[in-house]
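Quick note on labels: first sequence line is chain A, next is B, and so on, each numbered from 1.
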Amino acid sequence: MNAEFTQDAPLLDVQGLKTVIHLPDGAWPAVDGIDFTVQRGEVLGLVGESGSGKSVTGFSIVQLMDSPAEVIAGRVLFNNEDLRLASEERLRSLRGNRIAMIFQDPLMTLNPVLSIGEQMAEAILEHRDVGRQEALRAAADALVRVGISLPEARLRQYPHEFSGGMRQRVAIATAMLNAPDLIIADEPTTALDVTIQSQILFEVQKLARDSGTAVIWITHDLAVVAELADRVAVMYSGRIVEIGPVDEVLDRSRHPYTLGLLRSSAAMVEPGQRLNQINGMAPRIDARPSGCPFRTRCDRAMSICAEQDPTPTIDGRHGFRCHNPMPQRDAA
Amino acid sequence: MATYILQRLLQSAGVMLAVSVAVFFSVYGIGDPIELLVPPQAGAAERLELIQRLGLDQPAWQQYLTFMGNALHGDLGRSFAHGVPAVGLILSRLPATMELVLLALSLAVLVGVPLGLFAGLDPHGKPARLILACTVVGYSLPNFWKGMMLILLFSVLLGWLPTAERGETVTVLGIRTSLFTADGLRHLVLPALNLAIPNVALVIRLVATGTTDLMTQEFVKYARAKGVRPRRIVGRHVLRNILIPVVTVVGIEFGSLVAFSTVTETVFAWPGMGKLLIQSIYQLDRPVVVAYVMLATFLFISVNLLVDILYAALDPRVKLTGGAA
């Protein structure tokens, strides 16, 4: 394998991924055929409202979907290996090792009766043939890197002795332990207050830059994406409706939904400008409209939107799915 | 921690006092033991002499004060029927009961925890449903009936095990036990099984529901996302959480089995404490009954304290501190 090829092949290549939720009245798609890639060292922001399928996407990549959810189609190529075809033991050896995850609620993700040291060390011990002492030393180093002092004493403590922000730092430190190729962070700062949120963003950004780790940052917060991401994918009703470089998508949005999100985000509008809500609510998974799922809330909807699902339009590195996109503006 | 234990001991003294009043006067109300104690051919003088010697001519409150006075000096009275100190009599029966209870509870934990984990991991599978159905039966069958059925099956029909009584014993560390002789163990199996069955069922149900619940917890999913092996997720993450309720239940069961295995001991003619209690109640042997209840209370209090201390060792969120109790 030559150097050029390695550089060109994306770290993660998701093609036609479809995950359904089995309900009594049928299988409803939570993720409905999505495609995207992540390059090495790249930060991809995955944005959407609750129920848009963004978290399901994250868990589907590592094949951690439990009944009643099931990945039923698509390919998830990670380092050119299709994870959908991988054995459970192969997946286990990748999880926490090459692909680490950070969960949304730091208060729920640590086992209350096991020490922080044990829970960090096991992330190493389950993947590498090293001694317990060495694993604990590595855990202590990782804690220092996320700004936790007196790491040896902290490792002997239990989750209830840590604040929410501290626990999320522990989760980030744990994710870093094996220098993974990819970190999937599922709304990791949503449960934290704003000052801690920006510290954590900074740490993750630094990590991605320093170690070449790629990050998929799942969030509903466009301001976070603007600060952190290289590229952004906007999800709606289980699809990616717009994807591209972050400046491109946020400054020259083509999909009305992206624009709606921007206009309703306090951090993203000029001071003094009015905040606009998007009309209505995201449709339930079992009551999505025909054609374009966003048409019932869209003020640019036309008759074709009810008849045909829009196909992706690619404009350079910028892609979107809309029959009546926002007109292209010149960068000025 | 020391303050906490001291505080608990003081509370215990209060509980013991209240129990002594309740038991003493209720046993007093059951009936007059003299009729049972005095031989029918005895004369009036002999009869009066016995009444005076046992202090039964005194009013009830006077008898209680005498009892308490002696109790504070460690003397809980002498058995009317056997003429020996009540506490000594009860404690002489303790090893027989203890070996029964320890065997039964070991079975409950060693069988109940693995089966409970197994059933809890796949609660809708056929094996799990079978196990859980068995626990309902095991828990709800009456003790005496189950005991008789065990005897009928294993002793009478199959002839594998003896029907009743304690087997050969040896003295180990000053305690007479049947745990170390083949004959002793053969005699132990059925009564221990009879005591164990409802507790095995209880532990299975407790562990199964706990496991099912814990496996859906976010920290289990997180452990999987870290690549932790399933064996370790169950054996460490889940089991460590499960042990907390198991310790509580086993502790409480230990107390009540030691004190009140009366039915099983009666069915199997096992010379333990429970059988002594029943005999003493029949004979209106007041000092033994009172001493028995006092010892049982003390046992419950000690076990509860021990459970709380174990709790703090198992759950880092629990701190034993004085103050609010």
Which region of [X], side chain (C-beta onward) or backbone (N, CA, C, O), has a non-hydrogen atom less than 4.5 Å from a non-hydrogen atom of chain B, or is it both or neither?
X: A:Gln104; value: neither
X: A:Leu91; value: neither
X: A:Ser93; value: neither
X: A:Ala175; value: neither
X: A:Asp66; value: side chain

Would you check, one step at a time, whether the test salt bridge (charged side-chain N to carboxylate O under 4.0 Å, His left out) holds for A:Glu122 with B:Arg236? CA-CA 11 Å; A:Glu122 73 178 357; B:Arg236 188 81 186 139; over 6 Å; no
Check: [X] side chain, [Y] main-chain N or O, donor-acceptor pair, under 3.5 Å:
X: A:Gln63; Y: A:Ser60; value: yes
X: A:Trp217; Y: A:Val43; value: no
X: B:Asn194; Y: B:Gly147; value: yes

Distance to the ring centre below 6.0 angstrom and angle to the axis at most 45 degrees; does that hold for B:Arg317 and A:Tyr158? no
For the candidates A:Glu118, A:Arg92, A:Arg95, A:Met101, which exhibits the highest count of non-hydrogen atom pairs separated by less than 4.5 Å from chain B?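 Of A:Glu118, A:Arg92, A:Arg95, A:Met101, A:Arg92 has the most heavy-atom pairs under 4.5 Å with chain B.
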With chain B as the partner, which of A:Asn97, A:Leu110, A:Leu125, A:Val62 has the greatest number of non-hydrogen pairs under 4.5 Å?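 Most heavy-atom pairs within the cutoff with chain B belong to A:Leu110.
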Of all of B:His237, B:Arg232, B:Arg229, which one pairs up most often with chain A through heavy atoms under 4.5 Å apart?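 When all of B:His237, B:Arg232, B:Arg229 are compared, B:Arg229 has the most.
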Out of B:Gln217, B:Arg224, B:Arg240, which one racks up the most heavy-atom pairs below 4.5 Å with chain A?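 Greatest number of close heavy-atom pairs with chain A: B:Arg224.
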Checking B:Ile244 against chain A: side chain, backbone, both or neither under 4.5 Å from a heavy atom? side chain
Run the ring-centre check on A:Phe59 versus A:Phe103 and record whether the distance is less than 6.0 Å. yes
Do A:Ile21 and A:Pro68 have side chains that get closer than 4.5 Å, going by heavy atoms?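 They are in contact (side-chain heavy atoms under 4.5 Å apart), so the answer is yes.
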